[in-house]
Engineer: 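Can you keep this structure in mind? I'll have questions shortly.
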Amino acid sequence: MGGGDRLNTTGALEKKLKKYFNYDSFRKGQREIIEDVLQGKDVLGILPTGSGKSICYQLPALLLPGTVIVVSPLIALMMDQVKQLKAKHFKQVIALNSFLTPIERQQIYQRLHQYRLVYVSPELLQQEQFVFYLKKMNISLFVIDEAHCISQWGHEFRPDYMKLKETIQIIHNPPVLALSATATPMVQQDIMKSLNKPEMNKHIYPIDRKNLIFSIRKVNEHEEKLASIIHLLTIYKLPTLIYFSSRNTAEWMAQTLAYEIPELRVAFYHGGMEPMDRVAIQQQFMNDQLQVICCTSAFGMGIDKSNIRLIIHYHLPTQIESFVQEAGRAGRDGKTSLSILLYSDKDFFIPKQIIQNELPSIEIIQNAFRVLYTLQKESNIFSLTEEQIEQLFQINEIQWRFMHAQFEKHDIIRDNKIIYDKGKWKEAYQQIVDNIQERTRMKESKLHEMLRWIHEENCLREALYQPFQSTFTKPEDYCCSNCGFTVEQWKPDIQTSHHNQPTSWQEKLQQLFLIGDENEAK
DNA sequence: CGGTACAATGATAGATGTCGCCTTTGGCCATGGATCC
């Protein structure tokens with residue numbers, strides 16, 4: 001491609017950007033990624049939150065012939081994006097999910113090629129019927145949004161994330177764009193490996209946030225945590241998230257706080273709640289009708305509230321990546337915000353247990369092979385209900401998902417049939433066991449990394465970002481509790497965070513037109 | 001003892017009735033979209 005062509009392309013890019021998204025210029029990273037994408041290269045993009053990642057595929061969707069497929073981890077995220085695009089008069093876009101009736105779904109499948117942008121879950125990509133239609137289409141780009149989910153969820157919790165590489169093959173190898181706001185070099189490697197794309201063009205930008213203050217407070221008893229939280233919430237009436245590793249504790253804290261601080265508007269949020277309730281709580285928090293949410297890790301992805309000022313960790317996550325994500329939900333507007341982790345030595349046990357429960361034990365694997373062998377002798381058809389599986393294999397649903405994915409991977413179960421081969425089974429058993437041991441070791445070392453950070457004596461900021469990138473920006477004023485910061489000296493900017501502050505007419509108009517946050521975050 | 005999602009299915013309680021039925025004022029039946037496991 002000659003220089004002249006390049007210039008024309010660039011001009012066209014900006015024109016489209018203005019026309020469809022009403023931005024005058026690109027933000028850092030966007031142009032570089034889009035140019036690579038338009039040239040058909042495979043791209044891995046790590047851009048900080050609020051930097052307009054979605055433009056990186058939405059704009060190419062308008063320019064490229066054919067359809068762009070976007071793999072998204074949450075239905076709510078897909079719906080949100082589609083809503084925003086439709087408000088911008090980008091109509092050839094759809095989110096496919098279980099909210100559609102089977103009839104609607106059929107109709108959409110048949111005219112799928114008419115859409116420029118199609119959002120799907122990784123699970124849907126395993127539906128044969130859906131892939132049947134995809135195969136016949138011209139797919140110009142295959143996007144994985146929130147690509148760290150491959151690494152974070154794909155190995156056990158949502159194994160369909162690990163099958164994306166097969167889908168990419170089946171739909172005739174379109175260019176791939178993987179995007180995330182949080183990925184250590186290790187996670188980047190994992191993403192590229194699981195997509196079977198070792199040669200992706202990397203566009204990595206720093207993700208450190210200089211407006212966040214990091215603070216760790218060590219306590220002896222849980223009562224001290226409660227006292228600390230009550231103290232903090234009495235001083236600071238700010239949009240706040242408190243993270244827990246257990247649903248019960250989150251509920252208990254919400255109730256206790258409501259009792260202890262009567263004027264506080266507080267709620268709890270976790271994955272075990274009704275979908276309707278979850279949406280309601282989230283909305284009330286967004287609209288500043290709720291000030292504090294006691295939540296598990298279920299609360300976060302897709303929460304686009306710019307003025308969260310305080311993140312408290314009552315429990316510690318199993319890895320630094322999760323902590324950075326959760327703490328990073330504060331101060332999206334760039335204003336100084338505070339992350340406080342409350343730690344007692346006993347807390348080590350919870351993440352340790354969670355890690356242990358994620359994968360089946362060796363005994364369970366042995367038993368599973370025995371059970372499968374017995375079943376296979378009677379009939380090679382594998383059809384059991386969930387209850388039967390839990391009974392026979394002594395396993396929970398999540399562990400079974402992992403096992404089932406492993407059995408399919410090693411060709412022990414195929415199309416609900418058990419295929420017996422002594423040699424193959426023996427080898428598969430060894431590989432599965434090795435895999436589990438390796439994964440568990442890795443998780444434990446990640447937990448230790450988290451604990452090492454908690455016990456760090458030098459700058460917390462430096463130690464926190466060190467696994468992610470080589471450099472970071474040191475703030476002028478407050479840095480962390482190891483660099484002389486104490487909670488008492490913090491004077492947050494109350495102006496923008498107080499719920500009674502009237503929003504400007506521009507903001508109201510923006511909300512009305514569902515234009516989203518992309519203009520505000522600087 | 002502890003956490004994350006999606007899709008697809010079957011059971012269930014509650015609303016509806018392009019003039020539902022029968023009769024007088026609600027009770028009963030078939031139907032098929034939400035909701036809960």
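Protein chains get the first letters and strands the later ones, always in sequence-line order, with residue 1 at the start of each.
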Engineer: Write down the distance separating the P atoms in B/dA7 and B/dC28, rounded off to the nearest Å.
Structural biologist: 42 Å
Engineer: Could you tell me which residues satisfy ring pair (Phe, Tyr, Trp, His ring centres under 6.0 Å) with A/Phe90, sequence neighbours excluded, listed by chain and number?
Structural biologist: none
Engineer: Using whole Å, what does the distance between atom C1' of nucleotide B/dG2 and atom CD of A/Glu251 come to?
Structural biologist: 13 Å
Engineer: In whole angstrom, what separates A/Gln388's CD from B/dT9's C1'?
Structural biologist: 16 Å
Engineer: Using a 4.0 Å heavy-atom cut-off, does A/Gln126 contact any base of the nucleic acid, only the sugar-phosphate backbone, or nothing at all?
Structural biologist: nothing
Engineer: Could you tell me whether A/Phe349 contacts a base, only the sugar-phosphate backbone, or nothing, with contacts defined as non-hydrogen atoms closer than 4.0 Å?
Structural biologist: base
Engineer: Identify, residue by residue, the members of residues 152-160 of chain A with a heavy atom below 4.0 Å from DNA chain B, and return them in order of residue number, or none.
Structural biologist: A/Trp153, A/Phe157, A/Arg158
Engineer: Using the P atoms only, state how far B/dT23 lies from B/dT31, rounded to an integer number of Å.
Structural biologist: 22 Å
Engineer: Between B/dA7, B/dT4, B/dG2, which nucleotide gets closest to the side-chain atoms of A/Ser297?
Structural biologist: B/dT4
Engineer: With heavy atoms under 4.0 Å as the rule, sort A/Pro317 into base, sugar-phosphate or nothing.
Structural biologist: nothing
Engineer: Please give the distance between the C1' atoms of B/dG17 and B/dG26 as a whole number of Å.
Structural biologist: 15 Å
Engineer: Answer yes or no: does a side-chain N or O of A/Arg105 lie under 4.0 Å from OP1 or OP2 of B/dA8?
Structural biologist: yes
Engineer: Using whole Å, report how far CE of A/Met301 lies from P of B/dG3.
Structural biologist: 17 Å
Engineer: So that I can tick it off, tell me whether A/Asp288 and A/Lys305 are bridged by a salt bridge, with the cut-off set at under 4.0 angstrom between side-chain N and carboxylate O.
Structural biologist: yes
Engineer: Taking atom P of B/dG3 as reference, at what distance in whole Å does atom CD of A/Gln399 sit?
Structural biologist: 14 Å
Engineer: Please measure how far the P atom in B/dT12 lies from the corresponding atom in B/dG3, and state the result in whole Å.
Structural biologist: 29 Å
Engineer: A/Phe99: which residues meet the ring pair (Phe, Tyr, Trp, His ring centres under 6.0 Å) condition with it, sequence neighbours left out?
Structural biologist: none
Engineer: In whole Å, what separates the P atom of B/dC6 from that of B/dA30?
Structural biologist: 39 Å
Engineer: How many Å lie between OH on A/Tyr243 and C1' on B/dG3, as a whole number?
Structural biologist: 12 Å
Engineer: Under 4.0 Å, heavy atoms only, any strand: does A/Ile398 hit a base, just the sugar-phosphate, or nothing?
Structural biologist: base
Engineer: Tell me which donor-acceptor pairs under 3.5 Å the side chains of residues 126-140 of chain A have, and how far apart each pair is, sequence neighbours excluded?
Structural biologist:
unit_1   : atom_1 : unit_2  : atom_2 : d
A/Ser140 : OG     : A/Pro65 : O      : 3.3
A/Ser140 : OG     : A/Thr67 : O      : 3.3

Engineer: Need one value for A/Asn97: base, sugar-phosphate or nothing, where a base atom within 4.0 Å counts as base even if backbone is also close, heavy atoms only.
Structural biologist: sugar-phosphate
Engineer: Heavy-atom nearest nucleotide on DNA chain B for A/Ile354 versus A/Leu74: which residue maps closer to 5'?
Structural biologist: A/Ile354
Engineer: State whether A/Arg439 and A/Glu156 are salt-bridged, where the test is any N-O pair (Lys NZ or Arg NE/NH1/NH2 against Asp/Glu carboxylate O) under 4.0 Å.
Structural biologist: yes
Engineer: A/Gln291: which residues meet the side-chain hydrogen bond (donor to acceptor under 3.5 Å, both in side chains) condition with it, sequence neighbours left out?
Structural biologist: none
Engineer: Please list each protein N or O that sits under 3.5 Å from an N or O in nucleotides 34-37 of chain B, with the distance.
Structural biologist:
unit_1 : atom_1 : unit_2   : atom_2 : d
B/dC36 : OP2    : A/Glu274 : OE1    : 3.0

Engineer: Give me the distance, rounded to whole Å, that separates B/dG10 from B/dG27 when you measure between the P atoms they each carry.
Structural biologist: 34 Å
Engineer: Between A/Ser121 and B/dA7, is there a contact of a side-chain N or O with OP1 or OP2 at under 4.0 Å?
Structural biologist: yes
Engineer: Distance check needed: B/dG3 P versus A/Gln319 CD, whole Å only.
Structural biologist: 17 Å
Engineer: Scan residues 317-329 of chain A for pairs that pass salt bridge (charged side-chain N to carboxylate O under 4.0 Å, His left out), counting only residues two or more places apart or in two chains.
Structural biologist: A/Glu321-A/Lys446
Engineer: Which of the following nucleotides, B/dG3, B/dT4, B/dG2, is nearest to the side chain of A/Glu358?
Structural biologist: B/dG3
Engineer: Taking ring pair (Phe, Tyr, Trp, His ring centres under 6.0 Å) as the cut-off, I'd like each qualifying pair that reaches into residues 397-416 of chain A, sequence neighbours left out, listed once.
Structural biologist: A/Phe369-A/Phe407, A/Phe382-A/Trp400, A/Phe393-A/Trp400, A/Trp400-A/His404
Engineer: Any salt bridge linking A/Lys193 with A/Asp190? Criterion: basic side-chain nitrogen under 4.0 Å from a carboxylate oxygen.
Structural biologist: no
Engineer: Looking only at heavy atoms, what is the nearest atom pair of A/Leu316 and A/Leu447, with distance?
Structural biologist: CD1-CD1, 4.4 Å
Engineer: Which value, in whole Å, describes the distance between the C1' atoms of nucleotides B/dA34 and B/dT25?
Structural biologist: 29 Å
Engineer: If the condition is salt bridge (charged side-chain N to carboxylate O under 4.0 Å, His left out), which residues does A/Glu221 pass it with, not counting sequence neighbours?
Structural biologist: A/Lys346
Engineer: Mind checking what makes ring pair (Phe, Tyr, Trp, His ring centres under 6.0 Å) contact with A/His148, not counting sequence neighbours?
Structural biologist: none
Engineer: B/dG2, B/dA7, B/dT4: which one has an atom nearest the side-chain heavy atoms of A/His270?
Structural biologist: B/dT4
Engineer: Among B/dT4, B/dG2, B/dA7, which nucleotide has an atom closest to any side-chain atom of A/Ser98?
Structural biologist: B/dA7
Engineer: If you measure from the C1' atom in B/dA11 to the same atom in B/dC37, how many Å do you get, rounded?
Structural biologist: 8 Å
Engineer: Assign A/Glu326 to base, sugar-phosphate, or nothing according to its heavy-atom contacts below 4.0 angstrom with the strands shown.
Structural biologist: nothing
Engineer: NA contact type, A/His315, heavy-atom cut-off 4.0 Å: base, sugar-phosphate, or nothing?
Structural biologist: nothing
Engineer: More than 12 non-hydrogen atoms from neighbouring residues, nucleotides or ligands closer than 6.0 Å to NE2 on A/His448, yes or no?
Structural biologist: no
Engineer: For DNA chain B, list all stems, counting runs of three or more consecutive pairs where every pair is Watson-Crick or G-U wobble with both distances under 3.5 Å.
Structural biologist: B:10-12 with B:34-36, B:15-17 with B:29-31, B:20-22 with B:26-28
Engineer: Can you pull out every ring pair (Phe, Tyr, Trp, His ring centres under 6.0 Å) where at least one residue sits in residues 270-293 of chain A? Sequence neighbours excluded, please.
Structural biologist: A/Phe268-A/His270, A/Phe285-A/Phe299
Engineer: Round to a whole Å and report the spacing from NE2 of A/His148 to P of B/dT4.
Structural biologist: 16 Å
Engineer: Using whole Å, what does the distance between atom P of nucleotide B/dC1 and atom NZ of A/Lys346 come to?
Structural biologist: 17 Å
